[in-house]
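Accompanying notes for the structure given below.
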2 protein chains.
Amino acid sequence: MHTFSEENYLRAIYRLSLDAKAKISPTSIAEELNNNPASVVDMLKKLTDKKLISYDKKKGAKLTDKGTKTAIEVVRKHRLWEVFLLEKLGYGWEEIHDIAEQLEHIHNDELADRLDKFLGFPDYDPHGDPIPKANGKIATTYKTMLLEVEPGNSCQVAAVKDTSVAFLHYLEKLGVGIGTRIKIVEKIAFDGSMVIQVGKADKINVSKKFGESILVG
Amino acid sequence: MHTFSEENYLRAIYRLSLDAKAKISPTSIAEELNNNPASVVDMLKKLTDKKLISYDKKKGAKLTDKGTKTAIEVVRKHRLWEVFLLEKLGYGWEEIHDIAEQLEHIHNDELADRLDKFLGFPDYDPHGDPIPKANGKIATTYKTMLLEVEPGNSCQVAAVKDTSVAFLHYLEKLGVGIGTRIKIVEKIAFDGSMVIQVGKADKINVSKKFGESILVG
DNA sequence: ATAATTTATTAGGCATGCCTAATTTTTTAT
DNA sequence: ATAAAAAATTAGGCATGCCTAATAAATTAT
Ligand SMILES: [Mn+2]
Ligand SMILES: [Mn+2]
Ligand SMILES: [Mn+2]
Ligand SMILES: [Mn+2]
């Protein structure tokens, strides 16, 4: 079995690999895990020895098939537990991520599948991210950033790219959740911020960072 | 927050403290945790520094109030998760202990209480052990060992003192679970074994160890 | 009381996973 | 092309938690 730390690295590398193009460097992994590039280099050696990744200074880190399988299993458990925490235990969507970071490391062969069944085979987690299926397949979701929607158009929130408490609390305050309709009123060229309208509420200005953190479908 | 290892030591010391009389020595803790007395001595120092226990070669290890509180919280989570795994996820009663050993270390202030509520405030876990309440109170259960019941009498299984897969599988095979009625037919003085009858099944002989591992009410 | 045995403790070590500080390599700017 | 900056790596260290082997202390048996 893999350690918590190894699983966290695999998940980090997996997440980074979704952003495509960008090479997965020690620095980028360190940023993702809030640790030090020197520590990352240590761990990349271990993961390479265990054939969970390949690493090449030029090409960066890449999950092997074995590594991908493990990473997806961890993500699957993470997202299923998030559904459990929200739907069954009644936690708020800003609280669940931290607890799921712990629960994703519980090891038992049948656990993910039993949990999946118990929850009614949910397709998405509470942040709008697709839950990998038992066979490892993940619904490929082609989503656009809120930032890319043209003024005058409306859209519906499909997922959040940031699961920090600060961001989710802010969304809560604005009345924004998965499925919420948002109308883009205007874009401010100066700083990339945008004026939006959530449902029938007053128009508000949100930052570029905000626009990049919401995916719409 | 405490580490997994610290919590495991506290739980071990707590368990040993229930057997009363016996002094809690490094050797007994090492046995409980399947590790080495030398390792235990190391950890007893750490736990003493953190004021979770007191340790004295003469008197052995003793949980402080703070240590007791933590130990009981861990036990509470352990037993609640066992109920969850059995009742909600459909695991067998021999599978749940190992998974609960992992789940008991998930940290979140509200977790135990939310889980408790979700499960309908169960009083006992699937092995018949009382689940500590939110205030730390534990139903004191005065139970007798099956071994102590006199021939001719019947009794009802209240709890199992051993949660090993081997024992629980054996019980499964004999059709014995919590609540099962057992009639004591005869006691064999030679080796302390006993002849019992489970429900209307054939009479069988079970060992002294068996008789010591079942509590009846 | 003395010897044998068991228990507790110390000493030294190892693996994991992190760190800082130095050094080397690579990239970017001038 | 050279200098400056950034990124990667190495070296050395530290905390945790475990181990074995050696030693000291306490029990038990003779
Ligand atoms: Mn999450
Ligand atoms: Mn999520
Ligand atoms: Mn248990
Ligand atoms: Mn139990």
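Here is the naming used below: chain letters follow the sequence lines, and residue numbers restart at 1 for every chain. This is a predicted model, so every value here is computed, not measured.
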Nearest to the side chain of A/Ala38, which nucleotide is it out of C/dT9, D/dA11, D/dT16?
-> D/dA11
Using a 4.0 Å heavy-atom cut-off across all strands, classify A/Ser5 as base, sugar-phosphate, or nothing.
-> sugar-phosphate
In whole angstroms, how far is the P atom of D/dG12 from the CG atom of A/Asn36?
-> 17 Å
Salt bridge check: are A/Lys209 and A/Asp162 linked by an N-O gap of less than 4.0 Å?
-> no
Kindly say if B/Thr27 contacts the phosphate of C/dT6, meaning a side-chain N or O under 4.0 Å from OP1 or OP2.
-> no
B/Leu146 versus B/Ile184: any side-chain heavy-atom pair under 4.5 Å?
-> yes
Using whole Å, report how far CG of A/Asp49 lies from P of C/dG17.
-> 13 Å
Does B/Tyr9 have a side-chain nitrogen or oxygen under 4.0 Å from the phosphate oxygens OP1 or OP2 of D/dC18?
-> yes
Which part of the nucleic acid, if any, lies within reach of A/Lys45 when heavy atoms closer than 4.0 Å are counted: base, sugar-phosphate only, or nothing?
-> sugar-phosphate
Quick one: label A/Phe4 by what it contacts on the DNA or RNA (base, sugar-phosphate, nothing), any heavy atom closer than 4.0 Å.
-> nothing
Below 4.0 angstrom, N of the basic side chain to O of the carboxylate: do B/Arg11 and B/Glu104 qualify?
-> yes
D/dG17 OP1/OP2 closer than 4.0 Å to side-chain N/O of B/Lys46 | yes
Answer yes when A/Asp129 and A/Lys161 have at least one side-chain N-carboxylate O distance shorter than 4.0 Å, and no when they do not.
-> no
If only side-chain N and O atoms of A/Ser39 are considered, is one of them under 4.0 Å from the OP1 or OP2 phosphate oxygen of C/dC19?
-> yes
Atom pair distance, as rounded to whole Å: CG in B/Leu33 and P in D/dG17 | 12 Å
Would you kindly give the NZ-to-P distance between B/Lys23 and C/dT7, to the nearest whole Å?
-> 10 Å
For atom CG of A/Leu44 and atom C1' of C/dG17, their distance in whole Å = 13 Å
Closest to the A/Asp42 side chain, choosing from C/dT10, D/dT20, C/dC19 | C/dC19
Quick one: B/Lys59 NZ to C/dA8 C1', roughly how many Å, whole number?
-> 18 Å
Closest of C/dT16, D/dA11, C/dA8 to the B/Lys57 side chain is C/dA8
Walk me through it: do A/His105 and A/Glu7 pass the test side-chain hydrogen bond (donor to acceptor under 3.5 Å, both in side chains)?
-> CA-CA 7 Å; A/His105 303 296; A/Glu7 290 187 350; 2.6 Å; yes
Indicate whether OP1 or OP2 belonging to D/dG17 is found under 4.0 Å from a side-chain N or O atom of B/Asn35.
-> no
Rounded interatomic separation in angstrom, taking NZ from B/Lys50 and P from D/dT16 | 7 Å
In whole angstroms, how far is the C1' atom of D/dT27 from the NZ atom of B/Lys58?
-> 11 Å
